[in-house]
Amino acid sequence: ETGVTQTPRHLVMGMTNKKSLKCEQHLGHNAMYWYKQSAKKPLELMFVYNFKEQTENNSVPSRFSPECPNSSHLFLHLHTLQPEDSALYLCASSPRGVDEQFFGPGTRLTVL
Amino acid sequence: SQQGEEDPQALSIQEGENATMNCSYKTSINNLQWYRQNSGRGLVHLILIRSNEREKHSGRLRVTLDTSKKSSSLLITASRAADTASYFCATDESGTSYGKLTFGQGTILTVHP
């Protein structure tokens, strides 16, 4: 148990749906991340937040919209996704952003 | 090829044997990290080695870093069936955004009882 939780753990959605992924950490960390893990591809960094401010957007399509309302919570809002967006979405946090990262269990997303 | 490439892609050994995985990268780094992932789950941090360090130990893990060759190795000694997982190296590249890690594709380790 790393102290980073993600909900839901599994999500199936149609291409026209709108859904949100939630990540929560109560480790007192200042940095939070969204990653995408697809089969046969390296883990891809999507977004980085430091002290609630977005410091990295790794050329992610606008159908993915992150939100960081406070230092403990991170959301990923999804709308009009494509089947190729099906993947494991991982959230992570880090004490200062330059240390090791603590990962949540991930949300397995399937887009039909 | 990409930053943080692991070699081999898959490794199969017997319990009690040692497992060695290698990672190569292309750019200057602040640190290099190793993570483990059990099937379809989140990653677990194993060890971090900074660019000015050459070797680090943690329990049965030994990590080396050779910045002149831009390579690192992870050695797991006296492997156990529970070590079966995917192992990833990740680099914190110099000059990139705060906390941005680049991961390799990983080595799938299978330890047979």
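Here is the naming used below: chain letters follow the sequence lines, and residue numbers restart at 1 for every chain. Everything numeric in this text was worked out from a predicted model, so none of it was measured. Heavy-atom basis, side chains included; hydrogens, waters and symmetry copies ignored.
With contacts defined as side-chain heavy-atom distances shorter than 4.5 Å, the pair B/Y35/A/E100 qualifies. Two residues are said to be in side-chain contact when any heavy atoms from C-beta on lie closer than 4.5 Å; A/L90 and B/L43 meet this criterion.
The local environment of NZ in A/K52 is sparse, with at most 12 non-hydrogen atoms from other residues, nucleotides or ligands closer than 6.0 Å. The local environment of CZ in B/R80 is sparse, with at most 12 non-hydrogen atoms from other residues, nucleotides or ligands closer than 6.0 Å. Residue-environment remark: CG (B/L61) exceeds the threshold of 12 foreign heavy atoms within 6.0 Å. Counting heavy-atom neighbours within 6.0 Å of B/Q9 CD, excluding the residue itself, gives a total of 12 or less.
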Residue pair A/Q37, B/Q37: steps toward the side-chain hydrogen bond (donor to acceptor under 3.5 Å, both in side chains) verdict: CA-CA 12 Å; A/Q37 188 176 34; B/Q37 183 180 34; 2.8 Å; yes
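Neither the backbone nor the side chain of A/E44 has a heavy atom closer than 4.5 Å to any heavy atom of chain B. At a 4.5 Å heavy-atom cutoff, the contact between A/L88 and chain B is made by side-chain atoms alone.
With rounding to the nearest 0.5 Å, the separation of OG in A/S94 from CG in B/L101 is 8.0 Å. Taken from CG in A/L45 to OG1 in B/T102, the straight-line distance is 8.0 Å, to the nearest 0.5 Å. The structure places CZ of B/R41 at 6.5 Å from CZ of A/R9, a figure rounded to the nearest 0.5 Å.
When hydrophobic clusters are built by joining Ile, Leu, Val, Met, Phe, Trp and Tyr residues whose side-chain heavy atoms come closer than 4.5 Å, directly or via intermediates, B/M21 is grouped together with B/L65. Residues A/V111 and A/V12 do not share a hydrophobic cluster, defined by chaining ILVMFWY side chains whose heavy atoms lie under 4.5 Å apart. Hydrophobic clustering of Ile, Leu, Val, Met, Phe, Trp and Tyr side chains at less than 4.5 Å, counting indirect connections, unites B/V63 with B/L46.
Minimum interatomic distance between A/P42 and B/F103 (heavy atoms only, all atoms of both residues): CB-O, 3.5 Å. Closest of all the heavy-atom pairs between B/Q105 and A/K41 is NE2-CA, 3.7 Å.
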